[in-house]
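Computed over heavy atoms, backbone and side chain alike; hydrogens, waters and symmetry mates excluded.
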Amino acid sequence: MRLGLALGYWGRGPNPDHVPLAQEAERLGYDSVWTAESWGSDVFTPLTWIAAQTSRIKLGTAVAQMAARSPTTTAMHALTLDHLSGGRMMLGLGLSGPQVVEGWYGRPFPKSPLTATREYVDVVRQVLRRDAPVALAGRFHSHPYRGSDATGLGKSLKPITHPLRPDLPVLLGAEGPKNVAQTTRIADGWLPLYWSPTRPEVYEASLADAPDGFLIAPMAQVRVCDDVREGLLPVKTMLGFYIGGMGHAARNFHADLMARMGYEEEARRIQRLFLEGRREEAVLAVPDAFADEISLVGPRERIAERLELWRKGPVTDLLALAPDRDSLRVLAELNS
C-alpha cells in the first residue's frame, strides 16, 4: 500500500505549510501529494506551485470539479502540468453536488450523472490520446457543440500540444454504488470519500469487476496523539460539515453514504442539527465509532494496529490528511 499526502483546499487563505509538508512527504518516500477545490482556491494552481518545488512525488487532484471546467479545459490543465512536472500528474475528477454545481458554478446539475461523467471522461481521454480530433455526439459534452444556439461553425480539433502520456491516470471521486461500478469500467482508479476497512461489504458488489491494477485511494485523517477522543474532534468537525452542510436536506450524497455505512439515523440527525444552525451540536452528534473507523488516530501503537486493517484490504494508496510532520513520519515508518 502506497502513501499519499492529501492537502485539501485552502480556507481563508493559502496555508504556508503546504509546500514544506509536500517536501517532507517526498523526503519520507510518499508516493503522491493531492490538492482539492470547493468554492475558493482552485485545484491546479497550488499543485503546480508544489510541482515546481519537488522533484519525484506524484501530483494528484482529489478532486477537480467537473462543473468548473469543460472536459477539454481540464485535459489542457492535466497535459500541461504533466509536461512541466516530467510525467507526475494524476487527474482525479468529481461531479460535486447540485448545491455547488448550480449555486457556485451557475450550471445545471446533470439529470443523468453517470452519463455526464462518462462523457466527460471520454473527452478527456480523447484529448490525451491525440489520435484524432475530439468528437462526441453526447447528451452533455458534445464536441463540436451542436445545440440549438450553435453557429454551426464548430470544428473538431485535437490539441496542438502533444500530451506527454496518453495513458495519464484518470481517477474518479464517486460515492453511489452505480457510480463506483461505472468508475471501475471507465477510469484507472477510485477516490473514496470515506473508507472503512472493517466494512468491505459496503462496496464489494460495486468493485466486483475492477480490473487488475485498478487504484483505490481513500483519504483518511492521520493524527498521532495520546488522547483518541480529542484526536477525533477534527475528523468529527469535517464530517459534521460534509454530512450536515455539503448538500440539501433532500439530496446530500455524503449523508447518504454515511447511511449506507450503517449510520442512517445518526446521519439524518447531523443533517437536521446543522441545517437548524446548531453546528456544534451537529459535530458532537457524529459518532466517535464512525469517525474512528475511517481515520487513523491515537498513539503510535494503536495506529500501527489499525493500519494493518487497511493494508489487508483492496486499498492501493492511503491518502493521509496529516496536519503535522510527526504524523507523516510515523505513518511512513509504520508502512515501510
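- With rounding to the nearest 0.5 angstrom, the CG atom of Asp42 is 10.5 Å from the CD atom of Gln65.
- Taking 4.0 Å as the cut-off between side-chain N and carboxylate O, Asp326 and Arg329 count as a salt-bridged pair.
- Residues passing the salt bridge (charged side-chain N to carboxylate O under 4.0 Å, His left out) test with Glu305: none are found, sequence neighbours excluded.
- Under a hydrophobic-cluster definition in which Ile, Leu, Val, Met, Phe, Trp and Tyr are linked whenever side-chain heavy atoms come within less than 4.5 Å, directly or via other members, Tyr9 and Trp104 are assigned to the same cluster.
- Taking a cutoff of 4.0 Å between a charged side-chain nitrogen and a carboxylate oxygen, Asp226 and Arg300 do not qualify as a salt bridge.
- Using modelled atom types, one side-chain atom of Asp82 and one backbone atom of Met89 make a donor-acceptor pair closer than 3.5 Å.
- His77 and Phe44 have parallel rings, their planes meeting at less than 30° on a 0 to 90° scale where 60° marks the start of perpendicular.
- Take Asp131 and apply the salt bridge (charged side-chain N to carboxylate O under 4.0 Å, His left out) test, not counting sequence neighbours, and it matches Arg129.
- Within the 3.5 Å criterion, the main-chain N or O of Gln53 finds a donor-acceptor partner in the side chain of Gln23.
- No donor-acceptor pair under 3.5 Å is formed between the side chain of Glu119 and the backbone N or O of Gly138.
- Applying the salt bridge (charged side-chain N to carboxylate O under 4.0 Å, His left out) test to Glu308 and every residue at least two apart in sequence or in another chain returns Arg311.
- Using a cutoff of 4.0 Å between basic side-chain nitrogens and carboxylate oxygens, Glu266 and Arg269 are not scored as salt-bridged.
- Ser96 and Tyr105 are not linked by any side-chain donor-acceptor pair at a separation below 3.5 angstrom, with hydrogens and angles left out of the test.
- In this structure Glu37 satisfies the salt bridge (charged side-chain N to carboxylate O under 4.0 Å, His left out) test together with Arg69, sequence neighbours excluded.
- At a threshold of 4.5 Å between non-hydrogen side-chain atoms, the residues Met1 and Leu307 count as touching.
- Under the 4.5 angstrom side-chain criterion for Ile, Leu, Val, Met, Phe, Trp and Tyr, Tyr145 has no cluster partners at all.
- Applying the side chain to side chain donor-acceptor pair (under 3.5 Å) criterion to Tyr263, with sequence neighbours excluded, gives Arg199, Glu293.
- Here the side chain of His83 pairs a donor or acceptor atom with the backbone of Leu164 at under 3.5 angstrom.
- Listed by chain and number, the hydrophobic cluster partners of Val283 come to none, as no ILVMFWY side chain reaches under 4.5 Å of it.
- Annotation for Gly240 and Val286: closest pair N-CG2, 3.9 Å, computed over non-hydrogen atoms.
- There is no path of hydrophobic side-chain contacts, each under 4.5 Å, that joins Leu233 to Met258.
- When side chains are defined from C-beta on, Pro159 does not count as touching Met76, because their heavy atoms never get closer than 4.5 Å.
- Salt bridge annotation for Asp288-Lys236: present, with a cationic side-chain nitrogen under 4.0 angstrom from a carboxylate oxygen.
- Between the side chain of Thr151 and the backbone N or O of Leu153 there is at least one donor-acceptor pair closer than 3.5 Å.
- With sequence neighbours excluded, the residues satisfying side-chain contact (heavy atoms from CB on, under 4.5 Å) with Arg302 are Val228, Asp292, Pro299, Arg306.
- Under the 4.5 Å side-chain criterion, counting only non-hydrogen atoms from C-beta, Phe109 is in contact with Leu95.
- With sequence neighbours excluded, the residues forming a side chain to side chain donor-acceptor pair (under 3.5 Å) with Asp17 are Arg325, listed by chain and number.
- Judged purely by atom type and a 3.5 angstrom limit, Thr184 has no side-chain atom pairing as donor or acceptor with the backbone of Leu207.
- Considering only heavy atoms from C-beta on, Leu79 stays 4.5 Å or farther from Arg130 through its side chain.
- Checked by atom type and distance alone, the side chain of Arg2 never pairs as donor or acceptor with a backbone atom of Asp31 at under 3.5 Å.
- Clustering of Ile, Leu, Val, Met, Phe, Trp and Tyr side chains at separations under 4.5 Å places Leu171 together with Trp34, Val63, Met90, Leu191, Leu215, Met219, Leu319, Leu321.
- The closest side-chain heavy-atom distance from Val33 to Leu59 is below 4.5 Å.
- Between Asn15 and Leu7, every side-chain heavy-atom pair lies at or beyond the 4.5 Å cut-off.
- Using modelled atom types, one side-chain atom of Thr61 and one backbone atom of Gly92 make a donor-acceptor pair closer than 3.5 Å.
- No side-chain donor-acceptor contact under 3.5 Å links Gln126 to the backbone of Ala132.
- Under the side-chain contact (heavy atoms from CB on, under 4.5 Å) criterion, Pro166 pairs with no residue at all, not counting sequence neighbours.
- Annotation: side chain to side chain donor-acceptor pair (under 3.5 Å) contacts of Gln182 (sequence neighbours excluded): Arg118.
- The closest donor-acceptor contact from the side chain of Ser196 to the backbone of Ile294 lies at 3.5 Å or more, if one exists at all.
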